[in-house]
Number of protein chains: 2
Amino acid sequence: MNKPIKPTESELEILAILWERGASTVREIHEILEQQKEAGYTTTLKLMQIMHEKGLVTRDASAKTHIYEAAVDRELTQRQLLNKMIDTVFKGSASQLVMQALGHHRSSPEELDMIRQYLNEMEKKQK
Amino acid sequence: MNKPIKPTESELEILAILWERGASTVREIHEILEQQKEAGYTTTLKLMQIMHEKGLVTRDASAKTHIYEAAVDRELTQRQLLNKMIDTVFKGSASQLVMQALGHHRSSPEELDMIRQYLNEMEKKQK
DNA sequence: CTCTTTGTACGAATATCTTCGTAAACGAAT
DNA sequence: ATTCGTTTACGAAGATATTCGTACAAAGAG
C-alpha cells in the first residue's frame, strides 16, 4: 500500500501554488503567498527546504537560484485528502459531502451542468 | 466575522463520535475511538479536557463521571473545513471537488439520485 | 576590486499537538 | 473503615510545525 501524502497546512498552500504555476523559485512562491497571508521570506524558504527533504517537491539546484517543482500528483493528493475527510467528518457518505459543498459555495449553472453530465456518465459505466 | 472552528485531526475524530452519539462519557468515546486507532484512556481524557478549554465541547460535571457534548455545529464545521479545502486545494472550484469525491469514493445509485435531485432544486431556486 | 543585493544554509526559539505517568477524589463492595 | 476499581486533574515529555535571525556564498553594479 502507498503511504498517504500528508502535507501540513502551510505545505499545502505552497503545493497549491506550485500546481498552479509549475516550476517556480522561492521568491515567486513567496510573493504569491504574501498576498494570502503574512510571511517572512526565510520562512517560506525553510518550508520549501523541508518539503524537499520530505520529497513533496523536487528542485533544480544547478543555478544559484533554485527552482522548485511539485513532486506529488495534484489529483492523487486531492483524492487522499478528500477521502480522509469523507471518512472522519462525513461518516463515509460522499454524497453528503457533495451536497454540503454545493450548498454553500455558490456554483454557476455551467458548473452544475458539468456535474450532471458527470453523474450520468458514472451511472452508465456502473451497469 | 466569526472565528473559524479549527479542530485538530484528533479532535475531529472525537467530535465526529459526539455528533453521531450525542452526549457521552469519556469512556464511551474512548471505547469507540479504540476501534479506530490505538489510544490510551488518559490520552482521550486529556484531549477532551483540552477541547473543553477551547470551547469545542461542553460538559456536565455535576456527577462524578462527566458528560460531554459537542458545542460546535456539525454542518457549520463541515462547511468551514470544506470551504477551506476548496479554496486552497481546488482553486475555488467546488465542482472540481465534487467530481473528485464522486469519482473515487464508490457511491450507490441511490446516492447519485439524491445528488441529482439536489442539483435540480438548486437550479430552481437560482432563478 | 569593493559594495550591495539576492540567495541558500543552518540552527534555534516558539508554538502547537499528542501521549502518558502519577496522584488524588470518589463511590461501591466487603 | 479498608480496599478496589473508576474517574478526573495535572504536569511533563516527546513529536511535529512554524517562524525567523544570522552567517555565508554568489552575482551584478560601480
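Just so it is clear, the structure is predicted and the values come from calculations on it, not from any experiment. Just so it is clear: chains get the letters A, B, ... in the order the sequence lines come, proteins before strands, and each one is counted from 1.
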*Is the shortest heavy-atom distance from the side chain of Leu12(A) to the side chain of Leu81(A) under 4.5 Å?*
yes
*asked:* From NE2 of His30(B) over to C1' of dT7(D), roughly how many Å is that when rounded to an integer?
replied: 13 Å
_Note: Glu20(B)-Arg74(B) ion pair, threshold 4.0 Å (strictly below)_ = yes
*Which whole-number value in Å describes the distance from Ile29(B) CD1 to dT8(D) P?*
12 Å
*asked:* On the nucleotide dT6(D), are OP1 or OP2 found under 4.0 Å from the side-chain N or O atoms that Arg27(B) carries?
replied: no
*Does OP1 or OP2 of dT22(D) have a side-chain N or O of Lys46(A) closer than 4.0 Å?*
no
*Salt-bridge criterion met for Arg59(B) and Glu69(B) (N-O under 4.0 Å)*: no
*Rounded to the nearest angstrom, tell me the gap between atom NZ in Lys6(B) and atom C1' in dC17(C).*
11 Å
*Among dT8(D), dA9(C), dT18(C), which nucleotide sits nearest the side chain of His66(A)?*
dA9(C)
*asked:* Can you see if the side chain of Thr8(A) gets near the phosphate of dT18(D) - specifically, an N or O under 4.0 Å from OP1 or OP2?
replied: yes
*Looking at dT8(D), dA9(C), dC20(C), which one has an atom nearest to any side-chain atom of Tyr41(B)?*
dT8(D)
*Between dT18(C), dT18(D), dG7(C), which nucleotide has the shortest distance from any of its atoms to the side chain of Ser10(B)?*
dT18(C)
*Spacing of Leu12(A) atom CG relative to dA17(D) atom P, expressed in whole Å*: 13 Å
*Send over the distance from Leu45(B) CG to dA12(D) P, rounded to a whole Å.*
18 Å
*Calculate the interatomic distance between Asp60(A) atom CG and dG7(C) atom P; express it in whole Å.*
16 Å
*asked:* Does dC20(D) have its OP1 or OP2 closer than 4.0 Å to a side-chain nitrogen or oxygen of Thr42(A)?
replied: no
*Look at the side-chain N and O atoms of Thr43(B) and state whether any lies under 4.0 Å from the OP1 or OP2 oxygen of dT18(C).*
no
*Round to a whole Å and report the spacing from CG of Leu47(B) to C1' of dG11(D).*
16 Å
_Whether the side chain of Glu11(B) engages the backbone of Leu47(B) through a donor-acceptor N/O pair (distance < 3.5 Å, no angle test) should be reported._
no
*Does the pair Asp113(A)/Arg116(A) count as a salt bridge with the N-to-O cut at 4.0 Å?*
yes
*Would you tell me if any nitrogen or oxygen in the side chain of Arg59(B) comes within less than 4.0 Å of OP1 or OP2 on dT7(D)?*
no
*What integer distance in Å separates Glu31(B):CD from dT6(D):P?*
11 Å
*Among dT18(C), dA9(C), dA12(D), which nucleotide sits nearest the side chain of Gln49(A)?*
dA9(C)
_Looking at Lys54(B), I'd like to know whether one of its side-chain N or O atoms comes within less than 4.0 Å of OP1 or OP2 on dC17(C)._
yes
*Can you find an N or O donor on one side and an acceptor on the other, under 3.5 Å apart, linking the side chain of Lys64(B) with the base of dT8(D)?*
no
